[in-house]
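Sequence lines set the chain letters: A, B, ... in the order given, protein chains first and strands last, and positions in each chain run from 1. For clarity, every value in this text was computed on a predicted model and none was experimentally measured.
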There are 2 protein chains.
Amino acid sequence: MAEKSETGLPRAVMIAWGMEEAPQRGPSRGLSHERIVAAGIELADAEGLGAVTMQAVARSLGFTTMSLYRYVSSKDELLLLMQDAALRLPERARLPEGWREGLRAWAELVRDAYRSHPWVLGIPRGQSSVLMPNSMWAADLGLGVLADLELDMEAKVGTILVVSQLAASMVELEEDLAAEGLLATTAAGSALLGEVITPERFPHIAGLFATNARAGGEESGEDLPVIDGGTLGVDDEFGLGLSLIIDGLERRVARSRV
Amino acid sequence: MAEKSETGLPRAVMIAWGMEEAPQRGPSRGLSHERIVAAGIELADAEGLGAVTMQAVARSLGFTTMSLYRYVSSKDELLLLMQDAALRLPERARLPEGWREGLRAWAELVRDAYRSHPWVLGIPRGQSSVLMPNSMWAADLGLGVLADLELDMEAKVGTILVVSQLAASMVELEEDLAAEGLLATTAAGSALLGEVITPERFPHIAGLFATNARAGGEESGEDLPVIDGGTLGVDDEFGLGLSLIIDGLERRVARSRV
DNA sequence: ATACACGGTGTATGCCGTACGCTGTCTGCG
DNA sequence: CGCAGACAGCGTACGGCATACACCGTGTAT
């Protein structure tokens, strides 16, 4: 699917690693991959991924749409480059010593990266993503935290992967919920939901809705958001998931040490 | 962002719960939400999310494009409906008794749902997703597994959420990797990568590449895929993540019990 | 000096979602 | 019983998108 140059690597990977030999002949270039990618990121940060069109990127650089194609072979390729560039973790990150705190800090780092460029989550991360420089660096940083742990490499890689996926998922969820102020449901809507989410059909989850639905009569007047995802903030969900993983990891280490 | 009817609920939610009162006057309807959604799912299953266009869906039903808009107010709304419909878990799922095995089985159920309709992952799941019937049912089922656990509701909801996100992430990863046969990198490409992924710059991860890169000289002849994501299959990554979470959960319960 | 590789541009194509207005149909009200 | 009006399905049209292609001017390797 992703185009490969004759090197066997997707072109986006080549570009991101700076392995793209600059042409020798012809006029000097007025643009660069870096500038194009930066322009795309700026646009995405300001107005979302939907605002990133070839035309918009080119215009913001003062060039025509088609000029971009001298540097990037498709929009998808540009998006891949933007994705990697946006996920750059600090070069010299100071992480706490112990692996527990270290992993926690690393997770926070990854999460912050997603948080400051949430649109990244809207880009399908193909197989090439793993080969990109910043993705590589993030993985290396994470593995460094677990370096001294008595665990085989596979499990370490798996852990890093799971934690980073957790971070991504939570940021995505966070964005979704923020998009319209919580699960903004008015009292009227909540009452409607209460009619179908009955204890008979949903024995375990109905409770979460019933309490609030009952309170929202006609008199409350205001259109309060009634449901808020179980009153547990996304922040805490992230912390919980992370804690579970860390605890689980600790136990696994302890068991293997025997 | 998501349009709300005067009930305060997004229209997609209303439709999915069957709360959309059918019109009284006028000709009888030749279509239905169900048929449209089913047609969309069929298309997505067969040719991917990209093949789902209003025109294609309409054509597959023998109607014109614009007729769909009598049932669905936008393509996004249709995608939301497809997402929920595709994630239906079996109504009468028999899950193992113990919460550990039960949670594992539930996770497998969720994962299978994503697996049989991977395109669902390409649909941004907005805040309304949580209010959709099948999403609700999945959550209820999951909470049922944890019902007897001595844990506050918030933590249970959090667990369910984290596990389902894990399942989604792993299926997505799985799809990405399968898209082009592993991280299909030829020996030549791997050698190139070896030049930039040096032990100095990537002390912890370089090892994963070095071993293979060294082997791939000119003589090997074949263009073998050299890197495969750390030799750990996505299947195992999922199992690992799940184990970590379950172990972590067990510990949390034990600790709170004192 | 010159051939030609290459940068930037303008134009054109085809696909997309969807707004709008039309025609014909069915129903609840008078 | 009849009719106004709500509603189904359709055709047309528009604006936006990614991108193929032909063109011209530029600068370097020969």
Side-chain angles (χ1 to χ4, degrees), chain A residues 1-3 5-6 11-12 15 20-37 39-40 43-44 47-82 119 122-124 126, chain B residues 1-3 5 11-12 15 20-37 39-40 43-44 47-82 119 122-124:
Chain A
M1 197 147 282
E3 351 263 288
S5 53
E6 69 279 6
R11 235 179 75 93
I15 295 174
E20 200 72 356
E21 67 275 14
Q24 311 297 41
R25 305 226 245 289
S28 52
R29 315 188 102 180
L31 278 174
S32 66
H33 295 119
E34 289 77 9
R35 283 187 63 200
I36 294 176
V37 170
L43 262 172
E47 309 174 52
L49 200 55
V52 180
T53 72
M54 296 306 265
Q55 357 243 347
V57 172
R59 193 177 336 117
S60 86
L61 288 166
F63 285 76
T64 56
T65 308
M66 291 312 291
S67 67
L68 299 186
Y69 286 92
R70 291 283 171 193
Y71 299 82
V72 155
S73 52
S74 73
K75 185 186 178 182
D76 283 342
E77 193 174 290
L78 171 57
L79 289 180
L80 269 182
L81 292 171
M82 287 171 54
W119 45 265
I123 302 174
Chain B
M1 198 148 282
E3 354 260 288
S5 52
R11 236 180 74 94
I15 296 174
E20 200 72 356
E21 66 274 18
Q24 311 297 44
R25 306 224 245 286
S28 53
R29 315 185 102 180
L31 278 172
S32 65
H33 295 119
E34 288 77 11
R35 283 188 63 198
I36 294 176
V37 169
L43 262 171
E47 310 174 53
L49 199 55
V52 180
T53 71
M54 296 305 265
Q55 358 244 344
V57 172
R59 193 177 336 117
S60 86
L61 288 165
F63 284 76
T64 57
T65 307
M66 291 313 292
S67 67
L68 300 187
Y69 287 92
R70 290 283 172 191
Y71 299 82
V72 154
S73 53
S74 74
K75 186 186 179 182
D76 283 342
E77 192 174 291
L78 170 58
L79 289 180
L80 269 181
L81 292 172
M82 286 171 55
W119 46 264
I123 303 175

Distance check needed: C/dC16 P versus A/M54 CE, whole Å only. 20 Å
In Å, rounded to the nearest 0.5 Å, how long is the span from CZ of A/R59 to OG1 of A/T64? 12.0 Å
From OH of A/Y69 across to P of C/dG10 the rounded distance in Å is 16 Å
One pair to check against side chain to side chain contact (heavy atoms under 4.5 Å, CB included): B/K75 and B/L68. What are the steps and the verdict? CA-CA 9 Å; B/K75 186 186 179 182; B/L68 300 187; over 6 Å; no
Quick one: is A/Q55 getting a side-chain N or O under 4.0 Å of the D/dG16 phosphate, OP1 or OP2? no
Reading nucleotides 2-10 of chain D from 5' to 3' and marking B where a protein heavy atom lies under 4.0 Å of the base, S where only the sugar-phosphate is that close, and - otherwise, the string is ----BBBBB
Round to the nearest Å and state the distance from B/K75 atom NZ to C/dG17 atom P. 4 Å
I need the B/L43 CG to B/L49 CG distance, nearest 0.5 Å. 10.5 Å
Atom CZ of A/R70 and atom NE2 of A/H33: how far apart are they, to the nearest 0.5 Å? 12.5 Å
Take atom CD1 of B/I36 and atom P of C/dG17, then tell me their distance rounded to the nearest Å. 14 Å
Working for side chain to side chain contact (heavy atoms under 4.5 Å, CB included), residues B/Y71 and B/R35: CA-CA 10 Å; B/Y71 299 82; B/R35 283 188 63 198; over 6 Å; no
Measure the CD1-CG distance between B/I36 and B/L81 for me, rounded to the nearest 0.5 Å. 9.5 Å
Return the value, rounded to whole Å, for the distance between atom CG of B/L68 and atom P of C/dG17. 10 Å
Rounded to whole Å, the CG-C1' distance (A/L49 to D/dA18) equals 15 Å
